[in-house]
*Asks:* 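First, the structure itself, so that you have it in front of you.
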Amino acid sequence: MYASSFIINELIDTFGHLIESQIVRNARKSIFYSVLADETTDISQIEQFSLCVRALDLLSKQRVNATNNFKTLYAQLKEITPKLDIKEDITRVCRLQTARNDVPYSTEGEYYRRAVYVPYLGDFCNSLKEGFESHKETVASLKHILPEFCTKTDFYSLEAAFNF
């Protein structure tokens, strides 16, 4: 009964607006986002416009865990540094930084999280990825020694795993 082209177009427009508003809401919540737009003419000479919005979800579980881990680590450092006679100090910040990491902060903990902890974690994750990249095929071949796979594969698929 509701299959008229008018009703169908209304439903499509309504769903389109709902999806669009959700995308805009997600982009507004994010600190970082990117927009990719493209236009092309289809076979019937009608211009088609596509828009892609990619937003970084800063509230993801990993980021929350990393923040909680940093808070624990920083609290432990605050207890240990006075015993070791180490003074907590933030590097000099000037208007035009060229050789130092100048990040916005409101507390000393926030400065160290942004300037030291987060870059260190990123570098550490990249090092792990690079270190295991050369072993990707070997690690993937290990699944062939599991009973459910070894009966379905030939010996040559198992060879890399056995050699490893």
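Position 1 is the first residue of the sequence, and the numbers go up from there.
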*Asks:* Do Tyr112 and Tyr74 have side chains that get closer than 4.5 Å, going by heavy atoms?
*Replies:*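 Of all side-chain heavy-atom pairs linking Tyr74 with Tyr112, at least one is under 4.5 Å.
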
*Asks:* Using the rule that Ile, Leu, Val, Met, Phe, Trp and Tyr join whenever any side-chain heavy atoms are under 4.5 Å apart, tell me whether Ile80 and Ile86 fall into a single cluster.
*Replies:*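 Result: yes, single cluster for both.
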
*Asks:* Check Ser106 against Glu110 and note the closest heavy-atom contact, atom names and distance.
*Replies:*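 Looking at all heavy atoms of both residues, the shortest contact is OG-OE1, 2.6 Å.
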
*Asks:* Is it the case that more than 12 heavy atoms not belonging to Phe49 sit under 6.0 Å from its CZ atom?
*Replies:* yes

*Asks:* Please indicate whether Glu47 has more than 12 foreign heavy atoms, meaning atoms of other residues, nucleotides or ligands, lying under 6.0 Å from its CD.
*Replies:* no

*Asks:* Where do Lys78 and Glu108 land on the side chain to side chain contact (heavy atoms under 4.5 Å, CB included) test, with the steps shown first?
*Replies:* CA-CA 11 Å; Lys78 293 288 270 184; Glu108 291 173 338; 3.9 Å; yes

*Asks:* Within the 4.5 Å heavy-atom criterion, are Asn69 and Leu73 side-chain neighbours or not?
*Replies:* no

*Asks:* Let me confirm one number: the OH-CZ distance from Tyr120 to Phe70, rounded to the nearest 0.5 Å.
*Replies:* 14.0 Å

*Asks:* Can you tell me how far OG of Ser50 sits from CG of Leu36, rounded to the nearest 0.5 angstrom?
*Replies:* 7.0 Å

*Asks:* If I compare all heavy atoms of Leu18 with all of Ser21, which pair ends up nearest, and what's the gap?
*Replies:*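 Of all heavy-atom pairs spanning Leu18 and Ser21, the closest is O-OG, 2.9 Å.
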
*Asks:* Distance only, no hydrogens: is a donor on one side chain within 3.5 Å (strictly under) of an acceptor on the other, for Gln45 and Thr41?
*Replies:* no

*Asks:* Taking the side chain as everything from C-beta on, heavy atoms only, tell me whether Gln76 gets closer than 4.5 Å to Lys71.
*Replies:* no

